[in-house]
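Hydrogens, waters and symmetry mates are skipped; everything else that's a heavy atom, side chains included, is used.
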2 protein chains.
Amino acid sequence: MASVRLVALKALHGWSIMSSSSLCNHSHSLLRHRTHHHAFSIRPFSAIMSPPSMAVLYDHHGPPDTVTRVVEVPPVELKETDVCVKMLAAPINPSDINRIEGVYPVRPQVPAVGGYEGVGQVHSLGSAVKGISPGDWVIPSPPSSGTWQTYVIKDQSVWHKIDKDTPIEYAATITVNPLTALLMLEDFASLKSGDAIVQNGATSIVGQCIIQLARNRGIRSINIIRDRAGSDKVKEKLKKLGADEVYTESQLEVKNVKALLVNIPEPALGFNCVGGNAASLVLKFLRQGGTMVTYGGMSKKPITVSTSSFIFKDLSLRGFWLQKWMTSDKAKECRKLIDYLLSLVCEGKLTYDMELVPFSDFHTALDKALGNLGSQPKQVIKF
Amino acid sequence: MASVRLVALKALHGWSIMSSSSLCNHSHSLLRHRTHHHAFSIRPFSAIMSPPSMAVLYDHHGPPDTVTRVVEVPPVELKETDVCVKMLAAPINPSDINRIEGVYPVRPQVPAVGGYEGVGQVHSLGSAVKGISPGDWVIPSPPSSGTWQTYVIKDQSVWHKIDKDTPIEYAATITVNPLTALLMLEDFASLKSGDAIVQNGATSIVGQCIIQLARNRGIRSINIIRDRAGSDKVKEKLKKLGADEVYTESQLEVKNVKALLVNIPEPALGFNCVGGNAASLVLKFLRQGGTMVTYGGMSKKPITVSTSSFIFKDLSLRGFWLQKWMTSDKAKECRKLIDYLLSLVCEGKLTYDMELVPFSDFHTALDKALGNLGSQPKQVIKF
């Protein structure tokens, strides 16, 4: 079915398809690096060209499983400060899906290559690149659009060198989810060892990271998961990661949720990635003057708050969006924080489930990421 | 009807009723100043006694029009630093009603005398009082429970001397509503001349104060009122106070409320005292990164917020409660701010509707304050 779609799109747009060997000469604005020299312009003898690249492209917004196709994009000449990176791995994050759907507030202009983070190995360099050598492992940091392709060419300033001992699936995914967890834990309240946090959606990757990052700092975590078959196993797994308490939503249908807390202080900080009732439960656990940070809305339900929660309980409700943080002054800390998170990975203090999938199975991985094949671990494309 | 009730309560509790001249000898914990010396204890010859006082008392929580009664409380001996104040005026605020109903989180122990702010004239002094003289006008600052009585005895530290030229209805009401308006305008965002705020419940006293305090600082105000008969007159009145724009809720049933704003910047700060749809309208007007402060919930409906308002629009939702602010470090500014607000009143820059009602008509004023007699101005008891 995918191939029928791809052939139809090829006819429409003139892009070469994975199964085709013809090179594309149709210029698209997105592939700046590959099209900024016209095919017939005069080129210095010494020009360094990237290899042709296979990319997951979408020409318009819509359901990712119908608008994306794998195409070959032609070689481009590297500018003086460009670095050409052979990608090793890149994840399919929910925000990647939202960007393709066109429902994300900031998104690349179409046509665009999917993906926003990943890891690769330096393949070739522009003549003025300093401090990066072929063979180095690098990640785009801050993350940057277009990582779902075999070769990515971006300015040297985009790339952050990392340790080659890092497992590629962690190097590929360290920014979007673990950095979100770390920043939310640090930026909204001044927590000290012995304090507590509460979160819903605790099985998400951000949720798992929050549990582990909190434990690492001596912060207790109260975790809310949805009711599901096998919730006992899920609880056990989260407790192994360091969760202090794990409750299903139905367990919290009690008059006073705080009465459940034994030897854990009332949390000053809560995280919500679900909305609806699960958000109300986070609010119920929070202590006087506490803050709830919303970073997702998996239930697609809004957050409902009583007047007295604001006036008498003095709660603050905030939001967190990594992409906005990346445009703030604080973003200069990004690489230091990434290095810290990768060091935790290497020490075995930060772990989460992923499935590495060959690039050739991209559309199966996408189906899994879309939830079409039931609950699945995070899909990470291996190029 | 009221007198039947009062007689019945008299029989139950043994307190003397307004119509009765018998003095009460039943000791109640609330009337600390009046009961801390037993009637038969030995008293120094020079002891200064307060006059007997008529007070609005409630013995238990419940509907204010059934649980309150006017009683005479006996003279007490003034301690060295006590000041006895003959009350001139005190308002009936919604929070006074909530305290009597027992739904307010912080409330005096019953039995208690109603009221929380007011103005009075110094009647007599304990022997060690400094800086206050008989005849001075004073207000309890921070405000303090039990102002609904003809003589109030409190420590000298409670009383703040004010100008005798102040109209008593403003002196009596300057703290709870105008100070709330001033603090909310100052403490949640750094606004400068030309900036804008948005609020619902704009006809409330806090709302009217916000309009005038904002105008005084060159801050534009966008005001939302409920749909009602005569809304054009209400709009005209608020515009006379300095409102830049006034909309009824139904006027804002449009796709993009911000398109209505001409020559007014998107507001960074919003105030909500209604909840429900009126709160959602405030959120819609707010600019990226804006803050909504909730200080009331007149519709008794909760506040509903989309996930994207937090993540992508970066809104913050907070609450304000004057009684909590009064316990904070910032409360040491209270009297300076009160003096500033009273100076605005004297300059004609701060005005709001009130009705002065003789103490003998207390239960009619209470009925009006409870909304039993339709829309009424703020009721202020004149002693």
Within the supplied structure, the quantity of interest is the number of heavy atoms (other residues, nucleotides, ligands) at a distance under 6.0 Å from B/Lys258 NZ; does it exceed 12?
yes
Crowded around A/Arg107 CZ? As in, over 12 foreign heavy atoms under 6.0 Å?
yes
Among B/Thr291, B/Thr307, B/Leu317, which residue has the highest count of heavy-atom pairs closer than 4.5 Å to chain A?
B/Leu317
Over all heavy atoms of both residues, which pair between A/Tyr295 and B/Ile311 is shortest? Give the atoms and the distance, please.
C-CD1, 3.1 Å
Test applied, side chain to side chain contact (heavy atoms under 4.5 Å, CB included); reference residue, A/Thr304; option that passes from B/Thr304, B/Val305, B/Ile303:
B/Thr304
Side chain from CB out, backbone as N, CA, C, O: work out which of these in A/Lys301 comes under 4.5 Å of a heavy atom of chain B, or both, or neither.
backbone
Highest number of heavy-atom pairs under 4.5 Å with chain B among A/Gly296, A/Ala279, A/Cys273, A/Gly275 belongs to A/Gly296
Ring centres under 6.0 angstrom apart (A/Phe312, B/Tyr104):
yes
Just wondering, more than 12 heavy atoms not from A/Asp329 lying within 6.0 Å of its CG?
no
Chain A heavy atoms under 4.5 Å from B/Lys300: which part of the residue, side chain, backbone, both or neither?
neither
Restricting to non-hydrogen atoms, name the atom on B/Asp314 and the atom on A/Lys324 that form the minimum distance, rounded to 0.1 Å.
OD2-NZ, 3.0 Å
